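As structure tokens, the structure follows; a few thoughts come after it.
Throughout, a chain's letter reflects where its sequence line sits, starting with A, and its residues are numbered from 1. Just so it is clear, the model here is predicted, and its values are computed rather than measured. Atoms considered below: every heavy atom in the structure, side chains included; atoms not considered: hydrogens, waters and symmetry mates.
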Amino acid sequence: MDYNFKESEKKWQDYWRASKVYEVGIDHTKPKYYVLDMFPYPSGAGLHVGHPLGYIASDIYSRYKRMKGFNVLHPMGYDAYGLPAEQYAIQTGTHPAVTTAKNIERYREQLDKIGFSYDWSREVRTSEPEYYKWTQWTFIKLFHSWYNLDSNKAESIQKLQEIFASNGNTAVKASCSGTELFSAEQWNNMTENQQQEILMHYRLAYLADTMVNWCPALGTVLANDEVSEGYSVRGGHPVERKSMKQWLLRITAYAERLLTGLDQLDWSESLKDIQRNWIGRSEGGSLIFNVHDSSHRIEVFTTRPDTVFGATFMVLAPEHELVASLTTAAQAAEVDQYIQRTKNRSERERMAEVKKVSGVFTGSFAINPFTGNKIPVWIADYVLMGYGTGAIMAVPAHDSRDFAFARHFNLPVIQVVNRKGEQPTNPDEWEDSYDSKEGVMIQSGFITGLEVKAAISAVVAEAEQRNIGKGRVNYRLRDAIFSRQRYWGEPFPVYYRDNMPFTLPESDLPLELPPVDAYLPTQSGEPPLARAKNWKNTEGYPLETNTMPGFAGSSGYYLRYMDPRNTEAYFSKEANDYWQQVDLYVGGAEHATGHLIYARFWNMFLYDIGLACKEEPFKKLINQGMIQGRSSMVYRVNPEKAAEYMLWEELRDKRMGVAFEKEYRDGHRKFDFFSPDAGLIIEVKRQQALEKLATSYEEYAKAHGYRLLLIPLIDFVVDMDGIRARIRKAIAGEEVPAFVDKPGLGSFPVFASKNLPGREYYSDALHVDISLVHNDILDIEAFKKWQPHLANAQFLLEDGKYVCGWEVEKMSKSKYNVQNPDELIERYGADTLRMYEMFLGPIEQSKPWDTQGIEGVFRFIRRFWKLFHNENNEWIVNDEEPAASELKVLHRTIRKIEEDTERFSFNTAISAFMICVNELHELKCAKKAILEPLILLIAPFAPHLAEELWNLSGHQRSVVYESFPQWNKDYITESTFSYPVSFNGKTRFKLELPVNFDAKAVEKAVLASDECRKWLEGKTVRKVVVVPNRIINIVH
RNA sequence: GCCCGAGUGGUGGAAUUGGUAGACACGAAGGACUUAAAAUCCUUUGGCCAUUGCGGCCGUGCCGGUUCGAGUCCGGCCUCGGGUACCA
């Protein structure tokens, strides 16, 4: 008998729930600490062992911080809107709310079994009206806000209207999508609709015609981060480009703040890099080119204004607004055809054809404002409408795409940047453009001779002077498409009057999701909400039928946790002032360009309007690595290949006395084995095949004077000796029948153990369910019962066992490698699972799941228990005074656990626990003074075990209210240090010396030692390096 | 293509600031206890050579460099993983 984890874990989980141990509130007597896990979407498949990895880490840290005296907020809830439940609804008619509730219940059950310290009284679900009321409320606020670039923050639209009415928009610096200037008078003379249309260009939540990622299979548009390589991230369906009227969030207004804000965050550099790349800031300038014989002007964005003297043509995106006016009559047909062709091409096709150069001349010419030269204006789809101005000046000498284009269409190439100290070469002979980040300008008028950097500023200054351009910063980041043509999402608090959108009054919130008769788009292609009866506001105006995307509800949930039941506000100022922001956020790096940008934007907006007290939502962030699956493989034998392999092993290298050839060919005939010496053909086949072919084989053999052996496969299983005997006889020249009729092999699969020789040549690997495999040994009986066709499977074993192979790959049902935490908890307990997941390796690293190792942690848990109990499971803890050696073990462990926990190095912390327990067993220590602090130390990691032992020690109160032990330097300090002594860098022996010896004393002592003399025999010491309490290195 | 990150025993990994490479654990082999099994405990376990004892050499993806000393720093390359992709 030892630790009964099942009984104990249930008991303490019940106790925690009943006594509300983990509920927290505002407590000004303690410092706060907010630990958050990324919002899970409760999928139907439940949790596998990869999911709780981050939750366990954050739970350990939360419990640790709590024992360190912090008031720890550690909530959990659900991102409950999502495509899977809706897809299921479309298929089955089950309301997504039903599916979601069921999935949540299962999720909760699994989470509870792991022993987390969540304050469940704060749970939120994005699909609950009490929650999404505030998502809608934020949308209304966004709608009524614009971004003032002068104050660098969001401000109310009302204020903007006042400015327009008094001054027009000429002095307004805003992040907006329309640039027409107007005066106060013009503004005041506009109709309301005209004014609303203009305001739409300024709103932070706005409606616009835009190119969207349309996914026909899902029947909805997707945001950029929801698309990867032309396919939807969820479901992997193809995505097309399409122009549609959609709601967007003006996240680009915050691009600069989103970028610079990263510097203050304690996130991994790689994650910050992903966000930096996604935001994609580039500095440059915009230049205006006049069009020859026309009043049109083309504005381009370039990061290299210095190369303007090398601009030999221009290229516009096919969708560019000037294309129609610039196209000459002669070119109209060709241009039109090109536009049609590019329009009809899917995103996939476009991506696949990146290398193909295509484009068409508009017939117009622009004037290079610096050279005065006439340059042709082309259109081509390598220029994107969505970036910069949708037009470029092409500098083929220094840009590889422009270069390829110039070569393809025979356009001139002029070199304008030259590497220092080199002679310019003839661009006509170049194979590619010349990358010119550094160099000196040539053939460039007034900037000739300047270095690139200086030339850039000179051109920008000149352009500003001449009023034909200015310095400009551009971002790759796009505004976020906020409409989804789906049912299962937040309804927009928006109605339409004369096709103009208006927001509902706040008092009408929440606008609840209405019932519908089906979850599909309508016949006319409208979103599912168009099916809802009476989907109108109180005045009878139609409501918006799109719903919000998945990231709407997850963008501000961390704020709601601070005050989740507040019916008057998103959250109270008091709660926000106390909890401030998330101190530690744990989750996967896959959210880098989605949730983690949107949430930062959302929070910055709430900060601007005075609601959130911190500009950034997540101070520190840790990305847990993925847990990959470890698949087990069995090897199904291809019987014919196996027989051939086995026979070749008998025949090759003259093992039977004569030489054989494998796969002997004579014209179109092919035989498995042939011996010219013996004139013998051997053929291995299935019984049925032999019966059919025997005659033709015999005829051939007879015609050539060869003898023939036809061996049915069954013999390899039942009569290997018989085969050998027949071959020997045949070689010896005895008469043997070519073909012995045998009963058929029947159809049963044969599996070969992994390490059998030749196995890789004659078998195919198949996935086998990992529950049927223990320590890579297959449970043959269970395997036979696994699938009907395996019932009479045969096995080729090694040492009486079937050894499986393994592969590391994604955890998935189809690979039979999903490890479910419930099974492991059932077998080893939650504490073992918690510690094992942490023991696997560094939290941030991806690693394969391997159930084999869990036994080690399970043993450790029981060995820990046995420090307190004898072999009869009786309590043996005593009150004896601890010895110095025992105190040293304890305090060294406390220090190590504290240090490792602080830096989230949980795997090494668990090693330290193991070392400590091993040492205390060695010391046979059962002293209360040592073991009680140890219980506290392990409480964050193995909370159930800790509660049980703490209780058995005679304490009435839960261990979670105790303080983390403190280590005492005096117990750890050593008086001597065992120096590794090396010669020329090679460690040779160790020398124990007092720690307080300085370098000189150490040197003297080591040179005087016998060992040292032995190693130095006859050599002169050239140098002695001493690092006190580290190493000694003697150079000779 | 561009931007990151990582390569250490049969396996997961340790080595925190340039200072004893392989901690801790799994697996494996051998042994003790047991009628037997499970559980538990003990020993060995990077490779090669030597083995009568001592020991010796090599070794952190590859090549080179800096240093008394490199898994760690620098330069070049290879492989794998992640991000991104006509972004002007």
Side-chain angles (χ1 to χ4, degrees), chain A residues 1-2 228-229 268-278 280 282 284 300-304 307 315 317 350-351 353-357 380-384 386-395 398-402 404-405 474-478 589-590 592-593 623 625-626 628 630 775-776 806 808 836 839-842 844-857 859-860 862-863 866 871 899-900 903 905 907-915 918 921 978-990 1022-1027 1029-1036:
Chain A
M1 270 301 285
D2 54 25
S228 174
E229 315 212 331
S268 74
E269 273 312 309
S270 68
L271 187 72
K272 288 200 258 185
D273 276 339
I274 293 172
Q275 288 214 344
R276 286 187 189 113
N277 291 338
W278 188 260
S282 51
V300 301
F301 172 72
T302 175
T303 55
R304 297 295 303 275
T307 62
V315 186
R350 202 180 63 82
M351 287 175 102
E353 288 172 12
V354 160
K355 291 267 145 60
K356 262 197 194 163
V357 177
D381 67 352
Y382 83 90
V383 175
L384 306 176
Y387 186 76
T389 60
I392 61 158
M393 61 172 203
V395 184
H398 305 291
D399 180 284
S400 63
R401 295 151 308 178
D402 296 346
F405 197 82
N474 206 43
Y475 300 91
R476 209 189 70 115
L477 186 73
R478 305 288 160 79
E590 68 271 18
T593 56
N623 288 123
M626 265 212 327
Q628 294 141 309
R630 186 185 189 272
N775 292 349
D776 288 338
W806 55 272
V808 172
Y836 183 56
F839 186 62
L840 270 178
E844 303 208 327
Q845 209 168 293
S846 286
K847 55 239 157 193
W849 177 260
D850 181 359
T851 306
Q852 283 182 33
I854 201 171
E855 298 277 349
V857 174
R859 257 170 235 160
F860 159 76
R862 284 179 300 159
R863 271 168 73 78
K866 280 180 196 159
E871 53 275 23
E899 283 172 358
D900 285 357
R903 64 191 178 101
S905 177
N907 56 329
T908 51
I910 290 164
S911 294
F913 274 123
M914 288 172 168
I915 293 167
N918 288 346
H921 267 290
S978 180
Y979 279 94
V981 183
S982 34
F983 293 83
N984 291 343
K986 274 186 188 148
T987 310
R988 293 303 183 181
F989 65 92
K990 282 185 192 162
R1022 286 185 22 228
K1023 191 175 174 186
V1024 179
V1025 182
V1026 175
V1027 183
N1029 297 319
R1030 284 268 179 164
I1031 53 105
I1032 301 167
N1033 190 18
I1034 298 169
V1035 187
H1036 59 74

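- Applying the salt bridge (charged side-chain N to carboxylate O under 4.0 Å, His left out) criterion to A:Arg401, with sequence neighbours excluded, gives A:Asp399.
- Evaluation of the salt bridge (charged side-chain N to carboxylate O under 4.0 Å, His left out) rule for A:Arg276 yields A:Asp263, A:Glu269, A:Asp273 as partners, not counting sequence neighbours.
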Where each pair must be Watson-Crick or G-U wobble with both distances under 3.5 Å, what dot-bracket representation of RNA chain B is obtained, with crossing pairs in [ ] and other-strand partners as |?
-> (((((((..(((......[....)))((((((.......))))))((((.....))))..(((((..]....))))))))))))....
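- Between A:Trp849 and A:Tyr836, the two ring planes are perpendicular [angle over 60°; tilted spans 30° to 60°].
- Residues passing the salt bridge (charged side-chain N to carboxylate O under 4.0 Å, His left out) test with A:Arg862 are A:Asp2, sequence neighbours excluded.
- Scanning for ring pair (Phe, Tyr, Trp, His ring centres under 6.0 Å) contacts around A:Tyr979 gives A:Phe977, with sequence neighbours left out.
- Here A:Val383 lies in heavy-atom contact (under 4.0 Å) with a base.
- At a threshold of 4.0 angstrom between heavy atoms, the contacts of A:Phe839 include nucleobase atoms, whether or not backbone atoms are also involved.
- In this structure, A:Gln845 reaches the sugar-phosphate backbone alone: every heavy-atom distance under 4.0 Å involves primed, P, OP1 or OP2 atoms, never a base.
- Residues meeting the side-chain contact (heavy atoms from CB on, under 4.5 Å) test with A:Val1024, sequence neighbours left out: A:Glu1003, A:Leu1007, A:Val1021, A:Val1026, A:Ile1032, A:Ile1034.
- A:Ile915 comes within 4.0 angstrom of sugar-phosphate atoms only, judged by non-hydrogen atoms across all strands, and of no base.
- Evaluation of the side-chain contact (heavy atoms from CB on, under 4.5 Å) rule for A:Asn918 yields A:Arg863 as partners, not counting sequence neighbours.
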For nucleotides 26-46 of chain B, read 5' to 3', which letter fits each nucleotide if B means a protein heavy atom sits under 4.0 Å from the base, S means only the sugar-phosphate is that close, and - means neither?
-> SS-----------SSS-----
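- Checking the phosphate oxygens (OP1, OP2) of B:A23, no side-chain nitrogen or oxygen of A:Asn907 falls inside 4.0 Å.
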Protein-nucleotides 17-20 of chain B N/O pairs closer than 3.5 Å?
residue: B:U20; atom: O2; partner: A:Lys990; partner atom: NZ; Å: 3.1

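- Of the candidates A:Ile854, A:Ile910, A:Thr908, A:Phe839 forms a side chain to side chain contact (heavy atoms under 4.5 Å, CB included) with just one, namely A:Ile910.
- Here A:Arg903 pairs with A:Asp900 under the salt bridge (charged side-chain N to carboxylate O under 4.0 Å, His left out) rule; sequence neighbours left out.
- Under the rule for a side-chain contact (heavy atoms from CB on, under 4.5 Å), the partners of A:Ala592 that lie at least two apart in sequence or sit in another chain are A:Leu271, A:Ile274.
- Residues meeting the side-chain contact (heavy atoms from CB on, under 4.5 Å) test with A:Val395, sequence neighbours left out: A:Thr307, A:Ala311, A:Met393, A:His398.
- Among the heavy atoms of the strands lying under 4.0 Å from A:Asn918 are primed sugar atoms or P, OP1, OP2 only; no base atom is included.
- For B:C87, its base sits under 3.5 Å from the side chain of A:Arg478 at one donor and acceptor pair at least.
- A glycosidic torsion no more than 90° from 0 defines the syn conformation, and B:G9 adopts it.
- Taking the C1' atoms as reference points, B:C4 lies 30 Å from B:G59, given to the whole Å.
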